[in-house]
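Remember, predicted model here, so these are calculated numbers, not experimental data. Positions are given from 1, in the same order as the sequence printed here. These values consider heavy atoms only, across backbone and side chains, with no hydrogens, waters or symmetry-generated copies.
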Amino acid sequence: MKPRGPLMIEHRLIENMIEIIKQKVKEIKNTGKVDSLFVDTAVDFIKIYADKTHHGKEEYILFRDCSKKDMSDEDTKIMNELIEEHKYGRKNVAELVEAKEKFVKGDNTLNIIIEKLNALVEFYPKHIEKEDKVFFPNSERYFTEEELQEMLKEFWEFDKTMIHKKYKLVVEQFYQSRRGADSVI
Ligand SMILES: [Fe+2]
Ligand SMILES: [Fe+2]
């Protein structure tokens, strides 16, 4: 297996979640009601799985190694676009969380929630296609088979840390909500 293997498997799960979000947006529009628990679950998926776990491996391992190679201007341009798109995704999720929190407190932020969920639905498929069809195959050409296998090994090691990071974050968030901004981690 090449490093794009696990990344593409993760893309398929992200696509499934995006499809669910798409359906939920239709429901929200039809009923005028939003299930804040669904928004929390979607945010958790995007933050922990799509961003920390998946974009994490892309940025901290794949893109890091790519930037050590003498890539063509075109491939470098695509990689920089992908990094910017990750930043856009994070900003969008932060705005979604803010709108959901205001909604729970009684503000009418329904349209913002719909807009931010829709932005995710629009953004991810295009980003994923650019990686699957263009950047992953292009970038692999700069690496030897041995280097690709090393990268894959580093991916597995990275994944092993995620469950621990996730639950440290859960505990940290409880402490933060009880004690203000103090962090225990
Ligand atoms: Fe990405
Ligand atoms: Fe990706």
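Residues Phe155 and Pro3 share a closest heavy-atom pair of CE2-O, 3.3 Å. Across every non-hydrogen atom of Tyr124 and Ala50, the tightest pair is OH-CB, 3.6 Å.
The distance from the NE2 atom of His54 to the CD1 atom of Ile9 is 11.5 Å, given to the nearest 0.5 Å. With rounding to the nearest 0.5 angstrom, the CE atom of Met17 is 7.0 Å from the OG1 atom of Thr41. If you take CG on Asn16 and CZ on Phe45, they are separated by 8.0 Å, rounding to the nearest 0.5 Å.
Evaluated for a salt bridge (charged side-chain N to carboxylate O under 4.0 Å, His left out) with Asp51, the options Lys87, Lys166, Lys57, Arg90 yield exactly one hit, Arg90.
Note: the hydrophobic cluster containing Tyr167 also contains Phe174 (ILVMFWY, side chain heavy atoms under 4.5 Å, direct or indirect links).
Side-chain contact annotation: Gln149 with Glu145, donor-acceptor N/O pair under 3.5 Å present.
Within 6.0 Å of the CD atom in Glu146, the count of heavy atoms belonging to other residues, nucleotides or ligands does not exceed 12. Annotation: Lys69, atom NZ; neighbour count of heavy atoms from other residues, nucleotides and ligands within 6.0 Å is above 12. Residue Lys130 qualifies as enclosed at atom NZ: its count of foreign heavy atoms under 6.0 Å is above 12. Within a 6.0 Å sphere centred on CG of Asp73, other residues, nucleotides and ligands contribute 12 heavy atoms or fewer.
Partners of Glu15 according to the side-chain hydrogen bond (donor to acceptor under 3.5 Å, both in side chains) rule, which considers only residues two or more places apart in sequence or in another chain, are Arg12.
Ring-plane geometry between Phe158 and Tyr60 is classed as tilted, the angle between the planes lying from 30 to 60 degrees on a 0 to 90 degree scale.
A heavy-atom distance below 4.5 Å is found between the side chains of Glu150 and Lys153. The side-chain heavy atoms of Asp44 and Tyr49, taken from C-beta on, include no pair separated by under 4.5 Å. Between Ser67 and Met79 there is a side-chain heavy-atom pair separated by less than 4.5 Å.
Salt-bridge annotation for Glu81 and Lys77: present, with a side-chain N of the basic residue lying under 4.0 Å from a carboxylate O of the acidic one.
In terms of modelled atom types and a separation under 3.5 Å, the side chain of Tyr142 and the main chain of Lys68 share no donor-acceptor contact.
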